[in-house]
Peer 1: 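Before anything else, here's the structure in question.
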Number of protein chains: 2
Amino acid sequence: MPVKRRIKARKQPLQQRSRETVAVILEAAARVLEARGLEGFNTNAVAERGGISVGSVYQYFPNKDALTLALIARFEDALLAKVRDAVAASEGKSLTASLNLIIRAQLEAHAERAGLNRILETEEDRLRPASSGTSAAGELKDLVAALLARHRREIARPIDDDAIEDLIVISRAMVDHALQQDLSQAAASRRVLRAMEGYLFGPRRDL
Amino acid sequence: MPVKRRIKARKQPLQQRSRETVAVILEAAARVLEARGLEGFNTNAVAERGGISVGSVYQYFPNKDALTLALIARFEDALLAKVRDAVAASEGKSLTASLNLIIRAQLEAHAERAGLNRILETEEDRLRPASSGTSAAGELKDLVAALLARHRREIARPIDDDAIEDLIVISRAMVDHALQQDLSQAAASRRVLRAMEGYLFGPRRDL
DNA sequence: CCATAATGTGAGTAATTGCTCATATTCCAC
DNA sequence: GTGGAATATGAGCAATTACTCACATTATGG
């Protein structure tokens with residue numbers, strides 16, 4: 001390892017050619033992670049897989065972790081896009097149907113390239129400097145809040161910021177778990193829905 | 001790294017002296033992880049911190065991962081012991097009170113040496129060969145099942161194995177999250193309880 | 001076309017580190 | 001005691017790997 005760790009990339013991709021190189025690097029990195037796991041994930045392997053030279057990797061990524069972080073951001077963007085669509089599509093639908101849509105969105109986002117995404121989630125813990133809220137995390141909260149706001153009157157309890165956070169934590173954990181266990185999407189949906197609705201409506205105090 | 005990876009330790013600790021050495025190694029490993037994180041966690045550092053030689057580490061642990069796994073097992077044992085106590089202490093208490101006790105148990109287990117435990121949980125993902133149920137995981141399920149069985153009649157829904165699993169996943173994720181956010185134990189308890197009770201009782205279908 | 005900027009190359013370096021093994025020390029059974 | 005087993009030592013090996021840099025190639029603007 002080098003003595004001093006570079007913080008910024010040497011170059012920003014300006015021309016079309018270099019933008020393509022960046023894409024190639026990212027995809028190669030993803031494939032290496034899928035094929036060889038974290039253990040076999042090294043920058044030389046990425047370069048080889050991408051059919052380019054290591055030097056090129058370091059033109060656009062200051063260090064290996066930056067490359068991993070770029071993959072994480074890419075995954076988060078894809079997830080967010082799906083959730084955004086789900087929230088849009090749920091307009092006019094019932095609360096249960098709406099929740100089901102965002103649950104499906106999350107399941108789908110994780111399911112494609114499941115192996116890769118699982119590794120990326122693991123790395124996220126290591127790489128994110130202690131609870132730094134990403135903008136992605138912020139938007140996810142906003143999206144869920146917007147969806148719930150549409151059903152305010154059906155929900156007995158107040159939906160504050162903490163509740164939104166909890167719902168996200170719960171669904172994320174359950175989605176991860178479902179993927180690990182290779183649950184069918186139907187089964188996974190049902191169980192996550194149960195948890196979310198339960199959290200929203202709380203125990204029956206009327207028994 | 002060596003070409004061939006040793007699977008079993010060279011020696012089992014037989015005498016009192018070596019049993020103490022093993023304890024010293026484990027504690028030194030824990031302290032290195034706490035002080036320098038995963039990045040600074042190497043066997044030479046562990047040996048130095050423990051005031052022993054690297055060779056001794058490899059007498060009782062076949063490789064570095066085995067050492068980490070031993071720390072994980074140690075944490076799981078401590079957690080399990082606390083939960084066991086909580087389940088025992090909850091006898092005769094209400095369901096809510098009982099749930100609160102096991103939630104507190106989990107929070108406490110994580111809270112002491114929080115930094116260390118957080119790292120260990122991260123490593124667990126990497127080290128456990130794809131969803132191999134530990135005996136610890138099994139016993140935790142049994143304990144929760146036993147507790148819930150005492151309140152069968154209060155719970156409308158059937159409590160099958162999947163439900164227990166979900167409850168554990170939910171509480172674990174929320175406890176982790178609470179620790180990360182430095183929530184007070186009271187606030188954390190309240191939120192986890194809400195999630196668990198919600199899951200158990202489900203949404204009010206009677207609205 | 002030409003000067004200059006952008007991009008690409010890959011052999012090599014420097015550092016890290018998991019782990020071994022020949023040897024020394026301590027313990028215990030008899 | 002004494003011999004053998006258990007335990008401890010730590011210098012150093014072997015392998016890995018993130019990253020650099022001097023140089024080549026390609027694109028672009030004037």
Side-chain angles (χ1 to χ4, degrees), chain A residues 1-29 32-33 36-71 123 126-127, chain B residues 1-29 32-33 36-71 123 126-127:
Chain A
M1 266 204 280
V3 182
K4 259 199 144 182
R5 174 175 245 226
R6 205 181 279 273
I7 296 285
K8 300 178 64 171
R10 290 169 194 278
K11 302 279 172 75
Q12 291 305 307
L14 299 178
Q15 305 176 357
Q16 179 61 20
R17 183 166 53 131
S18 54
R19 258 173 268 128
E20 263 159 27
T21 300
V22 169
V24 164
I25 293 168
L26 282 176
E27 189 48 34
V32 169
L33 275 173
R36 306 199 217 165
L38 254 186
E39 195 186 314
F41 178 55
N42 63 69
T43 51
N44 292 317
V46 169
E48 190 182 7
R49 181 102 213 188
I52 55 171
S53 83
V54 228
S56 289
V57 174
Y58 285 94
Q59 295 283 354
Y60 306 106
F61 298 94
N63 54 59
K64 189 188 170 191
D65 284 345
L67 179 52
T68 312
L69 282 167
L71 282 180
E123 282 294 271
R126 190 176 64 80
L127 294 174
Chain B
M1 266 203 280
V3 182
K4 262 198 143 186
R5 175 176 246 229
R6 204 180 281 272
I7 297 283
K8 301 177 62 172
R10 290 169 193 278
K11 304 276 172 78
Q12 292 304 311
L14 300 178
Q15 305 176 358
Q16 178 62 18
R17 181 167 54 132
S18 53
R19 259 173 268 127
E20 262 160 26
T21 301
V22 170
V24 165
I25 294 169
L26 282 175
E27 189 49 34
V32 169
L33 275 173
R36 306 199 216 166
L38 255 186
E39 196 187 314
F41 178 55
N42 63 69
T43 50
N44 291 317
V46 170
E48 190 182 7
R49 180 100 215 189
I52 57 170
S53 83
V54 228
S56 290
V57 174
Y58 285 93
Q59 296 283 356
Y60 306 106
F61 298 93
N63 55 57
K64 189 188 169 191
D65 285 345
L67 179 53
T68 312
L69 282 168
L71 282 180
E123 283 294 270
R126 190 176 65 80
L127 294 174

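By convention in this document, chain letters (A, B, ...) are assigned in the order of the sequence lines, proteins followed by strands, and residues within each chain are numbered from 1. Because the structure is a prediction, the values reported are computed rather than measured.
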Peer 1: Which nucleotide sits closest to the side chain of Asn42(B): dT7(D), dT7(C), dT17(C)?
Peer 2: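 Of the options given, the side chain of Asn42(B) lies nearest dT17(C).
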Peer 1: Under the side chain to side chain contact (heavy atoms under 4.5 Å, CB included) rule, what do Asn63(B) and Thr43(B) come out as? Steps first, then yes or no, please.
Peer 2: CA-CA 9 Å; Asn63(B) 55 57; Thr43(B) 50; over 6 Å; no
Peer 1: Rounding to a whole Å, what distance do you find between Lys11(A):NZ and dA5(C):C1'?
Peer 2: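 Rounded to whole Å, this separation is 8 Å.
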Peer 1: State whether the distance check finds a donor on one side and an acceptor on the other, under 3.5 Å, for side chain Ser56(A) versus base dG8(C).
Peer 2: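 Absent.
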Peer 1: Take the protein atom CG of Asn63(A) and the nucleotide atom P of dC19(D), then report the distance between them rounded to whole Å.
Peer 2: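 Going from Asn63(A) (CG) to dC19(D) (P), I get 5 Å.
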Peer 1: Are Glu20(A) and Arg17(A) within salt-bridge range, i.e. N to O under 4.0 Å?
Peer 2: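 Salt bridge absent between Glu20(A) and Arg17(A).
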Peer 1: Rounded to whole angstroms, how far apart are CD on Gln15(B) and C1' on dA6(D)?
Peer 2: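 Going from CD in Gln15(B) over to C1' in dA6(D) covers 5 Å.
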Peer 1: Base, sugar-phosphate alone, or nothing: which one does Tyr60(A) contact when heavy atoms must sit under 4.0 Å apart?
Peer 2: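 Sugar-phosphate contact only - Tyr60(A) comes under 4.0 Å of backbone atoms but never of a base.
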Peer 1: Please state how far atom CZ in Arg36(A) lies from atom P in dT16(D), giving the value in whole angstrom units.
Peer 2: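 For the pair Arg36(A) CZ and dT16(D) P, the rounded distance is 12 Å.
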Peer 1: Does Arg6(A) make a side-chain N or O approach to OP1 or OP2 of dT20(D) shorter than 4.0 Å?
Peer 2: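 True: Arg6(A) side-chain N/O within range (under 4.0 Å) of dT20(D) OP1/OP2.
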Peer 1: Does Gln12(A) reach a base, just sugar-phosphate, or nothing at all? Heavy atoms under 4.0 Å.
Peer 2: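 Touches sugar-phosphate only.
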Peer 1: What integer distance in Å separates Phe41(A):CZ from dA18(D):C1'?
Peer 2: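 Answer to the nearest Å: 12 Å.
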Peer 1: Roughly, in whole Å, what's the span from CZ in Arg17(B) to C1' in dA6(D)?
Peer 2: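 It works out to 7 Å between those atoms.
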Peer 1: What I'd like to find out is whether the side chain of Leu69(B) reaches to under 4.5 Å of the side chain of Phe61(B), using heavy atoms alone.
Peer 2: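 When only atoms from C-beta onward are counted, Phe61(B) and Leu69(B) do not touch, as no gap falls below 4.5 Å.
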Peer 1: In terms of side-chain heavy atoms of Arg10(B), which of dA8(D), dA6(D), dC21(C) is nearest?
Peer 2: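 Nearest nucleotide to the side chain: dC21(C).
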Peer 1: Roughly how many Å is it from CD1 in Ile25(B) to P in dC19(C), rounded to a whole number?
Peer 2: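 Computing the Ile25(B):CD1 to dC19(C):P distance gives 14 Å.
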Peer 1: In whole angstrom, what separates Leu38(A)'s CG from dT16(D)'s P?
Peer 2: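 Leu38(A) atom CG is separated from dT16(D) atom P by 18 Å.
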Peer 1: Compare side-chain N and O positions of Ser18(A) against OP1 and OP2 of dT7(C) and report whether any pair is under 4.0 Å apart.
Peer 2: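 Yes.
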Peer 1: Using the closest heavy atom to pick a nucleotide of DNA chain C for each, name whichever of Lys64(B) or Leu14(A) lands nearer the 5' end.
Peer 2: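 Here Leu14(A) is the residue nearer the 5' end.
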Peer 1: Under 4.0 angstrom, heavy atoms only, what part of the nucleic acid is Gln59(A) near: base, sugar-phosphate, or nothing?
Peer 2: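 Counting heavy atoms under 4.0 Å across all strands, the contact made by Gln59(A) includes a base.
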Peer 1: Should the side chain of Asn44(A) and the base of dC19(D) be counted as holding a donor-acceptor pair, with the cut-off at 3.5 Å?
Peer 2: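 Such a pair is found, so the answer is yes.
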Peer 1: Within the structure, does a side-chain N or O atom of Ser53(A) lie under 4.0 Å from either OP1 or OP2 of dG10(C)?
Peer 2: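 Looking at the OP1 and OP2 atoms of dG10(C), neither is under 4.0 Å from any side-chain N or O of Ser53(A).
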Peer 1: When rounded to the nearest 0.5 angstrom, what is the spacing between NZ in Lys11(B) and OG in Ser56(B)?
Peer 2: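 Lys11(B) NZ to Ser56(B) OG: 10.5 Å, rounded to 0.5 Å.
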Peer 1: Go through the steps for Leu67(A) and Tyr60(A) under the test side chain to side chain contact (heavy atoms under 4.5 Å, CB included), then give the verdict.
Peer 2: CA-CA 9 Å; Leu67(A) 179 52; Tyr60(A) 306 106; over 6 Å; no
Peer 1: Please find the pair of heavy atoms, one from Val24(A) and one from Gly50(A), that lie closest to each other, and give the distance.
Peer 2: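 Looks like CG1-O, 3.5 Å.
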Peer 1: Can you identify which nucleotide, out of dG8(C), dC19(D), dG18(C), has its nearest atom closest to the Thr43(B) side chain?
Peer 2: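 For Thr43(B), the side-chain atoms sit closest to dG18(C).
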Peer 1: Between Gln16(B) and Gly55(B), just flag the one whose closest nucleotide in DNA chain D comes earlier from the 5' side.
Peer 2: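 Per heavy-atom nearest nucleotide, the more 5' residue is Gln16(B).
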